[in-house]
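A short worksheet on the structure shown next.
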Amino acid sequence: MMEKCVNLPAWTEKWPAPAKLNLMLRITGRRPDGYHLLQTVFQFIDLCDWIRFHPVDEDRVSLYQTLPGVAEADDLTVRAARVLKAETGYAGGVGIEVEKNLPMGGGLGGGSSDAATTLVALNYLWGLGLSVERLMRLGLSLGADVPVFVFGQAAWGEGVGEKLEPIRVPECWTVVIRPDCHVNTGEIFSDKNLTRDSKSIRIADFIAGQHQNDCLDVVVRRYQAVKDALVVLSEFAEGRLTGTGACVFAQFDSEQSAKSAYRSLAAKWRCYLVKGVNESPLYAKLRAVENIS
Ligand SMILES: C[C@@](CO)(OP(=O)(O)O)[C@H](O)COP(=O)(O)OP(=O)(O)OC[C@H]1O[C@@H](n2ccc(N)nc2=O)[C@H](O)[C@@H]1O
Ligand SMILES: Nc1ncnc2c1ncn2[C@@H]1O[C@H](COP(=O)(O)OP(=O)(O)O)[C@@H](O)[C@H]1O
């Protein structure tokens, strides 16, 4: 029998799934299973996918529309909903409608963020009551980047990105360029030339300006478009790679200087003018939904 949906008004809401930037990324080693040990700084930006969840009367998880090249069963929102059902024995279903704004394979973590938003929203809408820590553990089974989106705060990350400590960093105006290529994360991590033995640093070192991304050399060697984007960005400010790319970004001291760079760049490049945020908009939405219910 269909379980009763709690808080029916909350089902009409649309939930944000923000992008992230890796403000630095060091590879300090490798686990026995081949996964790489990282030190990274995650911050969110105010560029989001948006997800609506529709109540259904049967035990079925389905998508309103599949994404290009991703089968319904492989979509990270569908997988997240199914993992949640398996974990809790919840017997109902859901229809998932994703408004996709974040480029796929761009290093902005869109798929992971969609998964995290699904975990957090359905935990609430289905009335499951799982803790954030438990949702983060479930998220990790879907991808290394999912826990930080469930965590919802800018973070210093270690391990494969699942050991998270909140960090406050300036919420800068930022220009993100999306080069015309998709970078496969697994391909970069399996490149024999990847630096895998960086020394660990401290948060203070990052704050003092250590922004290195160890994936950079391998990515620019393989993807000319990323190299070109970094060159053009560096005419305005320090150009940096997020994750394994393909997106690159630069932070600015003021809205005005970011806007001016954006205007020059937008004539030739696909780019976004965004702002860094230390709290994920997902939790502002959760609080708002809790208030209306
Ligand atoms: C590098 C980072 C930094 O934030 O971001 P992206 O560039 O992908 O956004 C992430 O750690 C990516 O996380 P995510 O995109 O969830 O990766 P996963 O699906 O878990 O892994 C894809 C593949 O990359 C390799 N991989 C991933 C993460 C890691 N720490 N070590 C690895 O070796 C593994 O071969 C894995 O099969
Ligand atoms: N809802 C989803 N949104 C984006 N990608 C998804 C989704 N579900 C599965 N994927 C798969 O995950 C891959 C990585 O996507 P994404 O998280 O956007 O990139 P990245 O990890 O580089 O930031 C995609 O190329 C796609 O095959």
Side-chain angles (χ1 to χ4, degrees), residues 15 17-45 47-51 63-83 96-119 136 139-151 154-164 176 178-179 181-192 194 196 213-216 218-219 223 226 240-249:
W15 299 73
K20 58 83 182 164
L21 295 176
N22 297 95
L23 303 184
M24 70 98 192
L25 192 153
R26 300 172 74 86
I27 304 175
T28 55
R30 216 168 177 181
R31 294 197 315 205
D33 66 0
Y35 261 78
H36 291 74
L37 295 168
L38 313 176
Q39 282 191 312
T40 189
V41 174
F42 294 106
Q43 190 186 37
F44 308 105
I45 52 174
L47 178 69
C48 300
D49 289 340
W50 291 91
I51 311 183
L63 270 184
Y64 272 44
Q65 195 174 14
T66 55
L67 296 171
V70 184
E72 182 176 82
D74 295 333
D75 192 284
L76 281 157
T77 58
V78 171
R79 290 179 56 208
R82 293 197 170 135
V83 161
I96 303 174
E97 186 181 3
V98 182
E99 180 189 316
K100 194 79 195 157
N101 300 315
L102 304 178
M104 289 161 63
L108 299 179
S112 306
S113 188
D114 291 351
T117 292
T118 303
L119 290 173
M136 285 169 65
L140 186 59
S141 71
L142 299 166
D145 265 353
V146 182
V148 74
F149 288 108
V150 175
F151 189 59
W156 177 267
E158 299 206 353
V160 299
E162 84 292 6
K163 292 182 189 145
L164 298 167
V176 178
R178 172 187 173 187
C181 59
H182 292 256
V183 176
N184 179 295
T185 301
E187 175 195 310
I188 301 305
F189 277 116
S190 59
D191 191 304
K192 66 175 176 29
L194 185 69
R196 298 186 165 86
N213 180 330
D214 283 334
C215 299
L216 181 69
V218 166
V219 174
Y223 296 92
V226 176
R240 289 144 81 173
L241 179 75
T242 176
T244 53
C247 287
V248 299
F249 66 98

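Counting starts at 1 for both ligands and their atoms, following the listed order.
- Every atom of ligand 1 is numbered from 1 in the order shown, and the set under 4.0 Å from a heavy atom of Ala144 is 13 (O), 16 (O), 20 (O).
- Scanning Asp49, Leu108, Leu63, Asp114 for the heavy atom closest to atom 1 (N) of ligand 2 points to Asp114.
- Ligand 1 is never approached by Thr40 to a heavy-atom distance shorter than 4.0 Å.
- Checked against a 3.5 angstrom limit, the closest N/O atoms of Val70 and ligand 2 fall outside it.
- With Gly105, Gly245, Ala71 as candidates, the residue nearest to atom 19 (O) of ligand 2 on a non-hydrogen basis is Gly105.
- Atoms of ligand 2 found under 4.0 Å from any heavy atom of Gly107, numbered from 1 in the order shown, are 20 (P), 22 (O), 23 (O).
- With Ser113, Gly186, Ser141, Gly143 as candidates, the residue nearest to atom 19 (O) of ligand 1 on a non-hydrogen basis is Gly143.
- Ligand-side atoms of ligand 1 in range of Leu25: 3 (C), range being under 4.0 angstrom from any heavy atom.
- Of all atoms in ligand 2, numbered sequentially from 1 with element shown, those under 4.0 Å from a heavy atom of Asp74 are 9 (C).
- The closest approach between a heavy atom of Arg30 and any atom of ligand 1 is not below 4.0 Å.
- For ligand 1, the atoms closer than 4.0 angstrom to any heavy atom of His36 are 29 (C), 30 (N), 31 (N), 32 (C), 33 (O).
- Nearest residue to atom 8 (O) of ligand 1 from Val146, Val160, Thr242, Thr185 is Thr185 (criterion: closest heavy atom).
- The residue from Val219, Asp33, Leu38 that puts a heavy atom closest to atom 11 (O) of ligand 1 is Leu38.
- Numbered from 1 in the order shown, with element, the atoms of ligand 1 that lie under 4.0 Å from a heavy atom of Gly107 read 7 (O), 9 (O).
- Neither side chain, Thr118 nor Thr77, offers a donor N or O lying under 3.5 Å from an acceptor on the other.
- Residue Asp145 places no N or O, backbone or side chain, under 3.5 Å from any N or O of ligand 2.
- Residue contact check: Phe42 has heavy atoms under 4.0 Å from atoms 4 (O) of ligand 1.
- At a 3.5 angstrom cut-off on N or O pairs, Val183 does not count as close to ligand 2.
- The closest approach between any non-hydrogen atom of Lys100 and ligand 2 is below 4.0 Å.
- Residue-ligand proximity, Pro103 to ligand 2, at heavy-atom distances under 4.0 Å covers atoms 18 (O).
- Ligand 2 has a nitrogen or oxygen under 3.5 angstrom from a nitrogen or oxygen of Gly109.
- Heavy-atom contacts of Gly243 reach the following atoms of ligand 1: 7 (O) (cutoff under 4.0 Å).
- When heavy-atom distances to ligand 2 are checked against a 4.0 Å cut-off, Ala115 has no atom that comes that close, whether in backbone or side chain.
- When each atom of ligand 2 is checked for a heavy atom of Ser112 under 4.0 Å away, the hits are 17 (O).
- Using a 4.0 Å cut-off to heavy atoms of Asn22, the atoms of ligand 1 that qualify are 3 (C), 4 (O).
- A salt bridge is absent between Asp214 and Arg26; no separation between the charged side-chain nitrogens and carboxylate oxygens falls under 4.0 Å.
- Not close to ligand 2: Gly243, with no non-hydrogen atom less than 4.0 angstrom away.
- Using a 4.0 Å cutoff on heavy atoms, Gly34 counts as a contact of ligand 1.
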